[in-house]
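Here the structure is laid out as structure tokens; the discussion comes afterwards.
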Amino acid sequence: MRYTGSGATGWEIVDLRGFSGNGIAHPNLVLASDDVPFVAYTDYANGTKASLMTYDPTPPGPATCEVVSSGNWNDVTALCHAGDKIVIPAGVTVVLDSDIEISGDFEIQGTLNPNGKTVTLTGSGDQTLTGSLLNFYRLTVNKTNKTDTVHIVGKLKVSKKLSIVKGKLISASDYSDVEILVDGALELTSDISVSGTFTNDGEFIANTLYRGFRRDDGANVDRRHSHSFLWLGH
């Protein structure tokens, strides 16, 4: 921020990079002999360690925003920025209290309660979701470009519907309904299980893997633009 004397407080925001992925305490500002500012502070996103930041005019890369306590998504990620890597650490449970968009990497070490909400993966460039169990209710891939790729590291489960609108999802695991639109692609890394409806108007890359469709609930499959399905159960 800088002081201009105008507006409600006289202060103007000039940069939103912030000092931390959570909050800080005890900030101290010092100017070096060449007038470069340094700020020392206690960083709550870094185990309350004493930290030092200096001014760098170059645009930053994505930061890591680690959730520090259990709660609703909009509360515990309030200090995260678009494009940040969001981490839910072990022992922390986060409940989705609204539909959300994630444009950076996402790692679940603890628990994400999908709570019947939709998570949409957006932004340009590749994106990675990491976790032993990545549990979603509705998951939509809607990247900026058709060539943008979402990588899954771990086990992905979508209990309601997976929609790939634009971009490629490289994954496997368990789904209910799957819909691949014309600018979307799904590439398998292992077998998948689909318990609902599979619709493909885009690209389905099986890599010679088996696709199992559980049909005990009357599900149906629309196989447009896809080939060589192996029925593992009926």
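It should be emphasised that the depicted structure is a prediction, and the values quoted were computed from it without experimental measurement.
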- prompt: Can you tell me how far the CZ atom of F198 sits from the CG atom of D177, to the nearest 0.5 Å?
  reply: 11.5 Å

- request: Applying side chain to side chain contact (heavy atoms under 4.5 Å, CB included), run through D174 and K155 and close with a yes or a no.
  value: CA-CA 8 Å; D174 298 330; K155 181 176 177 60; 3.3 Å; yes

message: Pair I205, K168 - check side chain to side chain contact (heavy atoms under 4.5 Å, CB included), show working.
response: CA-CA 10 Å; I205 306 167; K168 177 190 285 188; 4.0 Å; yes

query: Apart from V30 itself, what residues make up its hydrophobic cluster when side-chain heavy atoms of I, L, V, M, F, W and Y under 4.5 Å apart count as a link, directly or indirectly?
result: none

- prompt: So, for N200 and F204, which heavy atoms are closest and what is the spacing to 0.1 Å?
  reply: ND2-CB, 3.4 Å

- line: In terms of heavy-atom contacts, S103 and G83 come closest through OG-N, 2.9 Å

- prompt: Between L112 and L96, is a side chain to side chain contact (heavy atoms under 4.5 Å, CB included) present by the stated rule, with each step listed?
  reply: CA-CA 8 Å; L112 176 69; L96 292 183; 4.0 Å; yes

statement: Quick note, side chain to side chain donor-acceptor pair (under 3.5 Å) partners involving residues 111-127, not counting sequence neighbours, are Q127-K143

message: If you compare all heavy atoms of V158 against all heavy atoms of L162, which two are closest, and at what distance to 0.1 Å?
response: CG1-N, 3.8 Å

message: Measuring only between side-chain heavy atoms, which start at C-beta, is V94 closer than 4.5 Å to T77?
response: no

field: For T42, side-chain hydrogen bond (donor to acceptor under 3.5 Å, both in side chains) partners two or more places apart
entry: H26

D148 side chain to G167 backbone, donor-acceptor under 3.5 Å: no

query: So among L186, I180, V119, I164, which one has a side chain to side chain contact (heavy atoms under 4.5 Å, CB included) with V141?
result: I164

task: Please identify each residue that fulfils side-chain hydrogen bond (donor to acceptor under 3.5 Å, both in side chains) with K166, with sequence neighbours left out.
output: none

- request: For E66, check side chain to side chain contact (heavy atoms under 4.5 Å, CB included) against everything at least two apart and list the hits.
  value: V87, P89

- request: List in chain and number order the residues that pass side-chain hydrogen bond (donor to acceptor under 3.5 Å, both in side chains) with S98, two or more places apart in sequence or in another chain; answer none if no residue qualifies.
  value: N74

- prompt: How would you list all residue pairs meeting ring-ring contact (aromatic ring centres under 6.0 Å, His included) that involve residues 83-125, not counting sequence neighbours?
  reply: W73-F106

- request: Quick one: which residue pairs count as a ring-ring contact (aromatic ring centres under 6.0 Å, His included) with a foot in residues 134-160, not counting sequence neighbours?
  value: none

- prompt: Are any side-chain N or O atoms of S176 and backbone N or O atoms of K161, one a donor and one an acceptor, separated by less than 3.5 Å?
  reply: no

task: Would you mind listing the cluster partners of V182? Hydrophobic ones only (ILVMFWY), side-chain contacts under 4.5 Å, chaining allowed.
output: none

- prompt: Under the 4.5 Å side-chain heavy-atom rule for ILVMFWY, direct or indirect, which residues accompany L181?
  reply: V165

message: Could you report the tightest heavy-atom contact between L156 and S171, atom names first, then the distance?
response: CD2-OG, 3.5 Å

message: Is it the case that the side chain of T130 and the backbone of E107 share a donor-acceptor pair, with hydrogens and angles ignored and the cut-off at 3.5 Å?
response: no

- prompt: Where do T189 and I152 land on the side chain to side chain contact (heavy atoms under 4.5 Å, CB included) test, with the steps shown first?
  reply: CA-CA 9 Å; T189 57; I152 301 298; over 6 Å; no

query: Cluster question for you: counting only ILVMFWY and a side-chain heavy-atom cut-off of under 4.5 Å, with indirect links fine, are V153 and L133 together?
result: no

- prompt: Is it true that a side-chain atom of D43 and a backbone atom of T48 form a donor plus acceptor pair closer than 3.5 Å?
  reply: no

- prompt: Which value, rounded to the nearest 0.5 Å, describes the distance between T140 atom OG1 and D99 atom CG?
  reply: 9.0 Å

query: To the nearest 0.5 Å, what is the distance between CG (L129) and CD1 (I86)?
result: 10.0 Å

- request: Identify whether L29 and M53 are in the same connected component of the hydrophobic contact network (ILVMFWY, side-chain heavy atoms under 4.5 Å).
  value: yes

task: Kindly compute the distance separating CD1 (I88) from OG (S70), expressed to the nearest 0.5 Å.
output: 9.5 Å

Residues in side chain to side chain contact (heavy atoms under 4.5 Å, CB included) contact with T147, at least two apart in sequence or another chain: N145

message: Going by the rule side-chain hydrogen bond (donor to acceptor under 3.5 Å, both in side chains), which residues pair with K160 if we only count those two or more places apart in sequence or in a different chain?
response: none

